[in-house]
Asks: 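Would you mind keeping the following structure in view while I ask a few things?
Just so you know, these numbers use all the heavy atoms, side chains as well, and skip hydrogens, waters and symmetry mates. Fair warning: this is a prediction, and the values are worked out from it, not measured in the lab.
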Amino acid sequence: QVQLVESGGGLVQAGGSLRLSCAASGGAFSMYSMGWFRQAPGKERKVVAAINWSSGSTYYADSEKGRFIISRDNAKKTVYLQMNSLKPEDTAVYYCAAQWRGTRYVNPLAYEYWGQGTQVTVSS
């Protein structure tokens, strides 16, 4: 069983930056690929970025390439999402998720564990 707790969300102006953190406990963190998803009101949950459990290779949704950076610190059992050049359309609840030795980054159903989410609001 893995517990995930996100933090770092908040209100920021367009063009600003935020760094989200997701702290894990209760499992072998280094064996999980980690993903960041977001969900805006009335919309489906979509992947933003993911990082592989073994190689550390990363995946980004097209709209986030060049603006967001995902990273992980296995010693701290934490995954991060650095978000730069934020836009109002980035406003959403952001969730982190864990997938056991996974490579299926896009499909939310492939992830076994989820955090409770953290709100990010970008004002124009």
Asks: Answer with yes or no whether the hydrophobic clustering places Ile51 together with Leu81; edges join I, L, V, M, F, W, Y residues whose side-chain heavy atoms lie under 4.5 Å apart.
Replies: yes
Asks: Give, for atom CD of Gln82 and atom CD1 of Ile70, the distance between the pair rounded to the nearest 0.5 Å.
Replies: 12.0 Å
Asks: Measuring from atom CD of Glu89 to atom OG of Ser124, what distance do you get when rounded to the nearest 0.5 angstrom?
Replies: 10.0 Å
Asks: When you compare the side chain of Tyr59 with that of Asn52, does any pair of heavy atoms fall below 4.5 Å?
Replies: no
Asks: List for me each residue that meets salt bridge (charged side-chain N to carboxylate O under 4.0 Å, His left out) alongside Glu6, sequence neighbours excluded, and say none if there are none.
Replies: none
Asks: Can you check whether Trp36 and Phe68 have ring centres sitting under 6.0 Å from each other?
Replies: no
Asks: Test: disulfide (SG to SG under 2.5 Å). Region: residues 42-89. Which pairs qualify, not counting sequence neighbours?
Replies: none
Asks: Donor-acceptor pairs under 3.5 angstrom involving side-chain atoms of residues 11-29: please list them, not counting sequence neighbours.
Replies:
{"residue": "Ser17", "atom": "OG", "partner": "Asn84", "partner atom": "OD1", "Å": "3.0"}
{"residue": "Ser25", "atom": "OG", "partner": "Gln3", "partner atom": "OE1", "Å": "3.4"}

Asks: Could you give the distance from CD (Gln99) to OH (Tyr32), rounded to the nearest 0.5 Å?
Replies: 10.5 Å
Asks: For residues 36-66, which residue pairs qualify under disulfide (SG to SG under 2.5 Å), counting only residues two or more places apart or in two chains?
Replies: none
Asks: Check Gly9 against Val120 and note the closest heavy-atom contact, atom names and distance.
Replies: CA-CG2, 4.1 Å
Asks: Verify the cluster assignment for Val2 and Trp114: are they in a single hydrophobic cluster under the rule of side-chain heavy atoms below 4.5 Å apart?
Replies: no
Asks: Got a list of side-chain donor-acceptor pairs under 3.5 Å for residues 39-47, not counting sequence neighbours?
Replies:
{"residue": "Gln39", "atom": "OE1", "partner": "Arg45", "partner atom": "NE", "Å": "3.2"}
{"residue": "Gln39", "atom": "OE1", "partner": "Arg45", "partner atom": "NH2", "Å": "3.3"}
{"residue": "Gln39", "atom": "NE2", "partner": "Lys43", "partner atom": "O", "Å": "3.1"}

Asks: Can you check whether Val122's main-chain N or O pairs, donor with acceptor, with Thr91's side chain at less than 3.5 Å?
Replies: yes
Asks: Keeping the roles fixed (side chain from Thr78, backbone from Lys76), state whether a donor-acceptor pair exists under 3.5 Å.
Replies: yes
Asks: Roughly how far apart are Arg101 CZ and Trp53 CH2, rounded to 0.5 Å?
Replies: 4.5 Å
Asks: Are Val79 and Tyr60 connected in the hydrophobic side-chain network, where two residues link if heavy atoms are under 4.5 Å apart?
Replies: yes
Asks: Do Tyr95 and Leu4 touch side chain to side chain, with heavy atoms closer than 4.5 Å?
Replies: no
Asks: Nearest 0.5 Å, what's the OG-CZ distance between Ser33 and Arg104?
Replies: 12.0 Å
Asks: Could you give the distance from OG (Ser54) to CE (Met31), rounded to the nearest 0.5 Å?
Replies: 8.5 Å
Asks: Is any side-chain heavy atom of Phe37 closer than 4.5 Å to a side-chain heavy atom of Val93?
Replies: no
Asks: Tell me the closest heavy-atom pair linking Met83 and Tyr94, and the distance in Å.
Replies: SD-CE2, 3.8 Å
Asks: Which residue pairs satisfy the salt bridge (Lys or Arg N to Asp or Glu O under 4.0 Å) criterion with at least one member in residues 24-38, sequence neighbours excluded?
Replies: Arg38-Glu64, Arg38-Asp90
Asks: Please confirm whether the backbone N or O of Tyr105 pairs with a side-chain atom of Tyr111, one donor and one acceptor, at under 3.5 Å?
Replies: yes
